[in-house]
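In what follows, a single structure is set out as structure tokens and then discussed.
Since this is a predicted model, take the numbers as computed values, not measurements. We name chains A, B, ... by the order of the sequence lines, and we start the count at 1 in each one.
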Number of protein chains: 2
Amino acid sequence: MTAIHTARDPRFPALGVAVDVVVFTVRDGQLEVLLTRRPDEEPFPGAWSLPGGFVRPDESADDAAARELAEKAGVEDVFLEQLYTFSAPDRDPRSRVVAVAYYALVSADKAALGARADGRTRAPQWFRVQAESEEHAQAFLPGQPPVTLAFDHDEILRTAVQRIRGKLEYVPIGFQLLPPHFTLTELQSVYEAVLGHPVDKRNFRSKIQKSGLVRESDAVKKGPHRPAKLFEFTQRTF
Amino acid sequence: MTAIHTARDPRFPALGVAVDVVVFTVRDGQLEVLLTRRPDEEPFPGAWSLPGGFVRPDESADDAAARELAEKAGVEDVFLEQLYTFSAPDRDPRSRVVAVAYYALVSADKAALGARADGRTRAPQWFRVQAESEEHAQAFLPGQPPVTLAFDHDEILRTAVQRIRGKLEYVPIGFQLLPPHFTLTELQSVYEAVLGHPVDKRNFRSKIQKSGLVRESDAVKKGPHRPAKLFEFTQRTF
DNA sequence: CCAAAAGTGTTGCAGTTACACCCATGA
DNA sequence: TCATGGGTGTAACTGCAACACTTTTGG
């Protein structure tokens, strides 16, 4: 900790730049977020926090976020977008760290592969997101009270939930949370999980079909009931 | 330049955090942006650039942006919002600098007070913004070709123009660009300048009046024609 | 034949667009 | 009286919300 107080170029005060990634998935109709456990050291020993880490000298923040996502969640080539930069001088009690926050959308099938442990942090874990109002968002495990996240990560999570809700209305990000083939009911379930409220089935289906964003495939999903047509995106990126 | 390579905490590589502020105003129906001239030293000697500077150890990026705005544009208490963080490793050829970009909206009456010079940089100057398509935005002086900005500031400017256009549609930021009392024609002119295209007078007026965001005052603006009613915002903040 | 989920249309309302003329004033 | 910008209403259209029953399958 003393090293950072050595004499240096005054334009570069002792200050770190980190990325934190809010990784979302939807599983069983529930919005979930990936959290990692902090080591048993100050600050916030053992607390849950968003996966993140310092930006390396030769990489952009975007690169760093993608790297963290690969390391902590084990996923690549997913939707990843910058959220906001958090820079309160005391947001990290040890030293000055500016956090460039990102959010990622991962389909449930990819999410299952991820969540690997490394040496310092224990295995990351998926938490459900509870966000009844616009101003609150909390992570919790079923049957347990919500957890309080380290640093300002509760605020980052809240900001991320607001962002995806707003964005879902006019950008087709819902597709990012599904495998290549999906039923319209599954797509609707994703929308409901993100928005936090039910949507009308007939209106939803007609809107989606009119949008031209999905194409009917010839496969069906079977079950102990009427089979559902499987759809696919007409374009993978937007 | 060597100082930043001294041994130090590895979590804090030699890396600076700066803020750049895209200060907009609307004057004579034209969207304008404030630019400062770089000193005659590398990199980009004498080039025009967005006002900005390094974040100090004890201030947040928000604070730094507000400070830059006060120092370079001479304005305080204006609309100022974070835009995006630019972090390509080579965006500053000298050394690693991450830029947290902001955009500000200043009314033309306040803008006239600002634009002061300091020792290193010459007096900042207002440039018009040309942005016919969504993908291009350039600064220019009347009768002159567009200027190429230093660093990645052309990209930042373009991002800022996209942002205010998108935001204007659903957030009443147009008011930030006007003095406390204004005519509906002036407000319409601000919208047209930001959006870059004309809007229908009758539809605009009925939408604004229905919104409840403005209140008719009892003053009028005179001229060599029929006097126009002056309006005021019903709320100063949103 | 029963349970479970899939699938399907219409109507009313609200918001948006397109559009042209008269009004009040100062010079 | 003329030039200048201020001010006003309506009709067609489009998108969104509300709403309930029939179909297909496996067990």
Side-chain angles (χ1 to χ4, degrees), chain A residues 26-30 108 165-172 174-175 178-179 181-232, chain B residues 26-30 108 165-172 174-175 178-179 181-232:
Chain A
V26 172
R27 199 196 310 262
D28 301 327
Q30 295 281 335
R165 284 186 175 173
K167 198 136 185 165
L168 189 65
E169 309 275 4
Y170 63 102
V171 188
F175 304 140
L178 287 170
H181 291 265
F182 53 89
T183 67
L184 292 184
T185 301
E186 285 166 349
L187 182 59
Q188 179 178 348
S189 165
V190 164
Y191 271 72
E192 291 176 332
V194 171
L195 295 175
H197 62 78
V199 303
D200 181 87
K201 182 161 66 158
R202 280 175 289 191
N203 293 339
F204 179 79
R205 293 167 94 96
S206 71
K207 193 169 83 167
I208 293 293
Q209 305 225 43
K210 254 189 292 181
S211 74
L213 292 166
V214 300
R215 173 182 32 226
E216 195 179 322
S217 82
D218 43 4
V220 295
K221 179 176 187 172
K222 298 211 166 183
H225 48 71
R226 176 172 176 176
K229 286 180 194 155
L230 283 170
F231 288 76
E232 58 194 6
Chain B
V26 172
R27 199 195 312 263
D28 301 328
Q30 296 280 336
R165 285 187 174 173
K167 197 136 185 164
L168 189 66
E169 309 275 5
Y170 63 102
V171 187
F175 304 140
L178 287 170
H181 291 265
F182 53 88
T183 68
L184 292 185
T185 301
E186 286 165 348
L187 182 59
Q188 181 178 347
S189 165
V190 164
Y191 272 71
E192 291 176 331
V194 171
L195 296 175
H197 63 77
V199 302
D200 182 86
K201 183 161 67 158
R202 279 176 289 194
N203 294 338
F204 180 78
R205 294 168 94 96
S206 73
K207 193 168 81 166
I208 293 293
Q209 305 225 44
K210 256 191 290 183
S211 75
L213 293 166
V214 300
R215 175 183 31 225
E216 194 179 322
S217 82
D218 43 5
V220 294
K221 179 176 186 170
K222 299 211 166 182
H225 48 71
R226 176 172 176 176
K229 285 178 196 156
L230 284 168
F231 287 75
E232 57 195 5

Sequence neighbours left out, what passes side chain to side chain contact (heavy atoms under 4.5 Å, CB included) with Arg226(B)? Give chain and number order. none
With a non-hydrogen cut-off below 4.0 angstrom, is Thr185(B) in contact with a base, only sugar-phosphate, or nothing? sugar-phosphate
Are side-chain heavy atoms of Leu195(B) and Glu169(B) found at a separation under 4.5 Å? yes
By the side-chain hydrogen bond (donor to acceptor under 3.5 Å, both in side chains) test, which pairs, at least two apart or in different chains, include something from residues 208-218 of chain A? Arg215(A)-Glu232(A)
Chain A reaches DNA chain C, atoms under 4.0 Å from its heavy atoms, from dA4(C) to dG9(C)
Can you check each nucleotide of nucleotides 16-27 of chain D against protein heavy atoms at under 4.0 Å and return B for base, S for sugar-phosphate only, - for none, in 5' to 3' order? -BBBB--BBBS-
Between Leu230(A) and Thr183(A), is there a side-chain heavy-atom distance shorter than 4.5 Å? yes
List the steps, then state whether side chain to side chain contact (heavy atoms under 4.5 Å, CB included) holds for Leu187(A) with Phe231(A). CA-CA 10 Å; Leu187(A) 182 59; Phe231(A) 288 76; over 6 Å; no
Residues passing the ring-ring contact (aromatic ring centres under 6.0 Å, His included) test with Phe182(A), sequence neighbours excluded, are Phe233(A)
Qualifying salt bridge (Lys or Arg N to Asp or Glu O under 4.0 Å) pairs, either residue in residues 187-197 of chain B, two or more places apart: none
Nearest non-hydrogen partners of Val199(B) and Gln188(B), listed with the distance: O-NE2, 3.0 Å
